[in-house]
Amino acid sequence: MSDAFLNPDHPSVVFACRGVRVFVKDGDTEKQIVRGVDLTVRRGEKHALMGPNGSGKSTLAAALMGHPSYRVEGDIWLNGERIDTLEPHERARRGLFLSFQYPVAVPGVTVANFLRASLAARRGTEIPVRAFRQELNAAFETMSIDPSFITRYLNDGFSGGEKKKLEILQMLLLKPAFSLLDETDSGLDIDALKIVSDGINLASGPDNGLLLVTHYQRILNHVQPDVVHVFMNGHLVRTGGMELVTALEERGYDWLAEEAAIPEGSRA
Amino acid sequence: MAETSTSVIASARPALDEALLKAVAATLGGDAAQVSRRLEALARYETAADPDRVRHLWRFTNPASLLPASVAGAAASGPVPAPAAPVAGASVTIDLWPGRAPAVQTAEDLPVGALTFTAADEPFPSGKALASDLFGALGDAAWNAGVGLKVADGAKLAGPIHVRIHASAAASLPRLRLEVGRNAEAMLVEQHIGGGPDVCVVGRTVISAADGARVRHAVVQVWEPGTSGHLAVETRAGADADILTVCGVFGGDDTKLELGTDLAGAGAHSEIIGVALVAGKQHADVHTSHRHLAAHTSSRIDYKAVAGQQARSTYTGLIRIEDRATHCEAYQENRNLLLSSRARADAIPELEIHNQEVSCSHGATIAPVDPEQLFYLGSRGLSPHESMGLVVRGFLENTLARLPDDARAMVESFTAPRLATIREGTA
């Protein structure tokens, strides 16, 4: 189980945050979306984050990655190091990864050129073309993506499923210490869900961790999280195991809102 | 300010007179016919109207900033510069310095008779109208470096005609003339280099492609900072002629490039592919015009500009289709990418269509780099500058992909250093 009392720089902790609040500009004022989140993920752990639409799950994931639209308060730790003042690319080079719910297209930039550049950035060294090709071909096979995608423009004209598979392919190649997976299961058919889940499991090991943001039980049946959090109204309102997922499938979110004394109208 | 732009331009016109033009002609060894052509151009220069700042062509760029203060003293002094090694693969490499005869280096495999030299300002047999605009008349009258070339009917040159045009005088007025015979094939690379503070270039290139000719023409401008200049290219395409014009605008401070192609013969086709990469306080103005004078002619323009820092890109483009030019196809696209909040771009496409039996379309966009693209690339470890470099390369990609391999490699040899400065954050 996650242990909120463990120090965020403890060697067994891969990722932690303390008192994270996220604000967005709202006209001349600011609106608070995330109202104080504490999270501790130990090496080898898989966490799931569930919550109703509009509760701020995606905002939390993007803010932890360092999205420039958000102002973030609180501490974020990766491998015992504070990363909350770092730029997104500096967080990525240290091993943080975000699988996007809606991956952005970059027309004119081939998947191969993009992956080679990001691998070089993550590893801090250029990868010889031949070695890169071999690694790339193996990853494409693992993720059941047609090799013709290697020379296509990044996410340009890709279907939803193709984009999500490419996100997990990047997770496999970049070998992040900690991955934020934002609704990686949305828009996937049954076969693609299996491929994506297998990829996530393959990328998971005893030294790294992940936080999987999702609405649905089905991906959790494949990925089997160690810890499940429920996120509502900008807070983690409940933490448990897979039994919590079953309870949510049966009863929805309202009972948790009542327990957490969240007023109706603020339960998103 | 009550000051009118007209008076500013009028006072910026460099003074020309008969003695001056005779001296320039003499320096270049011009004959009596050339002197009389220059004097005839002087008359046109003196009566040329000031560029109209109200119309699109000159709305965004002050013509006064592109005129040399004086064209006197352009005659060369000092030792003859040694030309650099010939360009690999070129059939002919020509270096042009103001006030000097052209330095020509010919490849050994150039077939005898395929290429001959003419006066740089010799009129074409097709009798193209003489320039009546201010810059055109100035160039006709006072050009101080030039070469004329004629590719024989049916000849096919193995390599390009590569002309290095050095902006080495305060007033550099180069002139190129290329006449491509019937069913002949030629590639002309016009590379504008050199320049520096207070150097001003007024260049003029005229190309005539006879019926069935295939001409590829590249204009690449990589002047040093401080240079200003106006380059005009006028091309006439005969029946079934096929013209590809590639332009690359990278250097100088205030610059304007005008590319005009007349599709004069039935079935002629012209394509203009251009890129500009500017930063600092550069102002790059590009104007294209495709004039469809004959039926069944087609044209296409794909011009992309990237402006960083406080730079400004201006594009105006005209497609004109005459009433007799039926069954024409014309397409024009201009896209601009802004790398900073202080960079700006203007895009004015214009269509003038005088008959109903045409297919014609155009599109223009001006947009900053999408911050979501930068965040996505950042989340994969790429720094903001690296991400910007990748996005810019992607932006140019589908335009560069339209080029033949050799032309693409040539253009990329100029874009690569500019992209490197974007990746390194120095532009």
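Note on naming: letters A, B, ... go to the chains in the order of the sequence lines (proteins, then strands), and numbering restarts at 1 for each one.
- Neither the backbone nor the side chain of A:L119 comes within contact range of chain B; no heavy atom of the residue lies under 4.5 Å from a heavy atom of that chain.
- Shortest non-hydrogen contact noted between B:L382 and A:A121 is CD2-CB, 4.1 Å.
- Heavy atoms only, all atoms of each residue included: B:F375 and A:P68 are closest at CD1-CD, 3.9 Å.
- A:A92 approaches B:G378 most closely through the heavy-atom pair CB-O, 3.7 Å.
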Record all donor-acceptor atom pairs with a distance under 3.5 Å between chain B and chain A; write none if the list is empty.
residue: B:E372; atom: OE1; partner: A:H67; partner atom: NE2; Å: 3.2
residue: B:E372; atom: OE2; partner: A:H67; partner atom: NE2; Å: 3.0
residue: B:Q373; atom: NE2; partner: A:A105; partner atom: O; Å: 3.0
residue: B:Y376; atom: OH; partner: A:E167; partner atom: OE2; Å: 2.4
residue: B:Y376; atom: OH; partner: A:Q170; partner atom: NE2; Å: 3.1
residue: B:G378; atom: O; partner: A:H89; partner atom: N; Å: 3.4
residue: B:R380; atom: NE; partner: A:Q170; partner atom: OE1; Å: 2.5
residue: B:R380; atom: NH1; partner: A:L98; partner atom: O; Å: 2.6
residue: B:R380; atom: NH2; partner: A:L98; partner atom: O; Å: 3.1
residue: B:R380; atom: NH2; partner: A:E167; partner atom: OE1; Å: 2.7
residue: B:R380; atom: NH2; partner: A:E167; partner atom: OE2; Å: 3.4
residue: B:G381; atom: O; partner: A:R93; partner atom: NE; Å: 2.7
residue: B:G381; atom: O; partner: A:R93; partner atom: NH2; Å: 3.0
residue: B:E386; atom: OE1; partner: A:R93; partner atom: NH2; Å: 2.9

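- Of the atoms belonging to A:L174, it is side-chain heavy atoms, and not backbone ones, that fall under 4.5 Å from chain B.
- Using a 4.5 Å cut-off between heavy atoms, A:A120 makes no contact with chain B at all.
- Of the inter-residue distances, the one linking A:L154 atom CG with B:L390 atom CG reads 8.5 Å to the nearest 0.5 angstrom.
- Looking at A:P176, there are no atoms closer than 4.5 Å to chain B (heavy atoms on both sides), in backbone or side chain.
- The number of heavy atoms from other shown groups lying within 6.0 Å of CD (B:E185) is above 12.
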